[in-house]
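On a predicted model such as this, the values are computed, not experimentally measured, just so you know. Basis for what follows: all heavy atoms, side chains included, without hydrogens, waters or symmetry-related copies.
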Amino acid sequence: EHIRLGEALALRACDLDFENDAIYIRGTLDKHGKIVPAKAGSERALAMGSFLKGLLLAWVEVQKAEFPHLVREWDGGKAPCGKEWDETAPVCSSHYGTHINADNFSKWMRALMIERGLGEYTVHEKWLDSRGILRVKHSGYVGPSYKSLRSFGATYLVGANVDVKTAQAHFGHRRSSTTLEIYAEKVPAH
């Protein structure tokens, strides 16, 4: 929850330090799928708790087994496109072993929140297409998003009397005033 979406999607296996229980934030994924190095003050190490460590260790083993077997499907059949897993492998990988696009991640997250009963679409448009197939378009999502979870984490830290400098470091803000301006106004004065 302390990581921006682009930072989470840019994580590679080499950014996970299981010996020291740390996750290194070294860059962000841009809209073209390229990793952009972190700005000054945004590069940081975050503690990896035991629960998250267990999940990530298991996920890395799944990726090591699956990467060479990935295939790309098209009308003419299938072609292998997987590569051997290595330290540059993305933690959040697509079916092709590449970094996940932020829009696709957000769609997946909305679907997960709705499936778990934590979100909903407020608008449902239905129509028949030119072939007579019923189509449905959902819009007006209401519920948790990646950004709202990050905001919750920051507000929780500030509300729990964690000093602003510590919260600033966790969230990669260059200035502590950014942390205060964005999150502290949501917490009543102590």
Determine whether [X] and [Y] fall in the same hydrophobic cluster, where Ile, Leu, Val, Met, Phe, Trp and Tyr are linked whenever their side-chain heavy atoms lie under 4.5 Å apart.
X: Phe105; Y: Val36; value: no
X: Leu57; Y: Tyr24; value: no
X: Val123; Y: Met113; value: no
X: Trp59; Y: Ile100; value: yes
X: Val62; Y: Trp108; value: yes

Taking [X] for the side chain and [Y] for the main chain, is one N or O donor matched with an acceptor at less than 3.5 Å?
X: Lys53; Y: Phe18; result: yes
X: His99; Y: Leu9; result: yes
X: Gln63; Y: Pro90; result: yes
X: Tyr146; Y: Ile3; result: yes

With side chains defined as the heavy atoms from C-beta onward, is the minimum distance between [X] and [Y] less than 4.5 Å?
X: Leu16; Y: Val91; answer: yes
X: Leu5; Y: Lys147; answer: no
X: Ile35; Y: Thr28; answer: no

Could you give the distance from [atom1] ([X]) to [atom2] ([Y]), rounded to the nearest 0.5 Å?
X: Lys64; Y: Asp86; atom1: NZ; atom2: CG; answer: 10.5 Å
X: Asp21; Y: Glu19; atom1: CG; atom2: CD; answer: 10.0 Å
X: Leu118; Y: Glu120; atom1: CG; atom2: CD; answer: 11.0 Å
X: Leu56; Y: Phe51; atom1: CG; atom2: CZ; answer: 10.0 Å
X: Ile25; Y: Asp15; atom1: CD1; atom2: CG; answer: 7.0 Å
X: Leu128; Y: Arg131; atom1: CG; atom2: CZ; answer: 12.0 Å

Please name the pair of heavy atoms, one in [X] and one in [Y], separated by the smallest distance, quoted to 0.1 Å.
X: Ala8; Y: Cys92; answer: O-SG, 3.9 Å
X: Ile23; Y: Met48; answer: CG1-CE, 3.8 Å
X: Arg4; Y: Arg44; answer: NH1-NH1, 4.0 Å
X: Asp163; Y: Thr166; answer: OD1-OG1, 2.6 Å
X: Gly140; Y: Thr122; answer: O-OG1, 3.0 Å

Inset, instruction - Please state whether the rings of His138 and Tyr121 are parallel, tilted or perpendicular, taking 30° and 60° as the class boundaries. - result: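 Rings of His138 and Tyr121: parallel, under 30°.
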